Structure formats: structure tokens, C-alpha cells
Amino acid sequence: MITDVHQELVALGSVPRVRAADGDPGLLPAFRHRASDYLRVALPLGLQVRRCEEPRMFGDASGDMPGEIVTGPWDVWPWSLLGIVPAAFGAAWDGTPSQIIWHFQLVPSAITAVAPPSTMR
């Protein structure tokens with residue numbers, strides 16, 4: 001089983017923000033892996049795809065702008081920004097996959113080749 005943040009969610013800015021020990025803001029590394037990236041690595045190793053799921057989020061595009069706009073601290077963005085424009089949030093995130101979940105199984109009788117150089121980080 002492999003679970004990763006879906007590349008569409010990363011593209012929408014869902015990258016974890018952190019604070020270093022000295023208080024400086026930073027971002028955790030996040031990569032936009034496509035389904036083909038996983039398959040390019042797994043299949044030559046004799047792994048067979050048993051299942052792939054992309055659970056989707058739900059959003060409500062009917063919200064109104066709040067009377068007061070509060071952005072919140074930087075290290076909780078973009079989540080703290082969602083209430084500022086609820087209709088835009090609902091429209092953008094409705095149906096967007098949040099994760100990609102792979103179930104691979106090694107095929108015992110497969111003759112596996114050496115995996116190609118990985119482009120995944």
C-alpha cells in the first residue's frame with residue numbers, strides 16, 4: 001500500500017507549512033507525482049496494481065463572504081483562508097481528489113527487470 005497527497009491538491013497549494021526551531025517559516029517538500037510516475041517504478045519490479053483509489057473532497061459553493069476577513073497565521077494557510085471566500089473554496093475543492101492510494105502486489109512468477117532510474121523524489 002502506498003498513500004500520497006494527490007498531485008491536484010498539491011497544485012491547489014496544499015503544502016504543509018512549518019516553523020523551524022528558530023521560528024523561521026518554511027514549507028515541507030511536496031511533489032506532484034502523476035499516476036504514471038508510480039507505475040513507471042512499480043511495473044518493472046513485478047508489482048501488479050490490485051487497486052487504486054482517489055478519494056474526493058466535497059465543497060459547498062453557496063457560502064457568502066464573511067463580514068470580517070481574518071487570514072490567520074501563515075503556517076496554517078491555506079486552511080485558514082478557506083472561510084474568507086467559502087463559495088470559491090467550495091467550487092475549487094468540490095470533487096478534487098485529496099489522496100492517491102495504491103494497492104500493489106508482487107507477482108511471484110514475474111521475471112523482474114532492473115527498475116529504470118526513478119524520476120520520483
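Heads up: numbering here begins at 1 and tracks the sequence. Small disclaimer: the values here were computed from a predicted structure and weren't measured.
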task: Following the transitive rule for hydrophobic clusters with a side-chain heavy-atom cut-off under 4.5 Å over Ile, Leu, Val, Met, Phe, Trp and Tyr, establish whether Phe58 and Leu12 coincide in one cluster.
output: no
task: Could you tell me which residues satisfy salt bridge (charged side-chain N to carboxylate O under 4.0 Å, His left out) with Glu53, sequence neighbours excluded, listed by chain and number?
output: Arg51
query: Are side-chain heavy atoms of Leu39 and Val49 found at a separation under 4.5 Å?
result: yes
query: Between Val41 and Pro44, what is the shortest heavy-atom contact and its length?
result: O-CD, 3.6 Å
message: How long is the straight-line distance from OG of Ser98 back to NE2 of His6, given to the nearest 0.5 Å?
response: 8.5 Å
task: Would you name the heavy atoms of Pro97 and Leu9 that are closest together and state the gap between them?
output: O-CB, 3.9 Å
- request: For the pair Arg40 and Asp37, find out whether any cationic side-chain nitrogen is under 4.0 Å from an anionic carboxylate oxygen.
  value: yes
field: Non-hydrogen atoms of Leu106 and Gly46 that approach each other most closely
entry: CD1-O, 3.5 Å
- request: Not counting sequence neighbours, which residues clear side-chain hydrogen bond (donor to acceptor under 3.5 Å, both in side chains) with Arg32? List them please.
  value: Gln7
- prompt: Who passes side-chain contact (heavy atoms from CB on, under 4.5 Å) against Gln99, sequence neighbours left out?
  reply: Thr3, Pro55, Ile101
- prompt: How long is the gap from CZ on Arg34 to CD on Glu8, to the nearest 0.5 Å?
  reply: 9.0 Å
field: side-chain contact (heavy atoms from CB on, under 4.5 Å) partners of Ala30, counting only residues at least two apart
entry: Val10, Val15
- line: Hits for side-chain contact (heavy atoms from CB on, under 4.5 Å) against Ile2, two or more places apart or cross-chain, chain-then-number order -> Tyr38, Trp102, Phe104
message: Please list all pairs meeting salt bridge (Lys or Arg N to Asp or Glu O under 4.0 Å) that have one or both residues in residues 19-30, counting only residues at least two apart or in different chains.
response: Arg19-Asp75
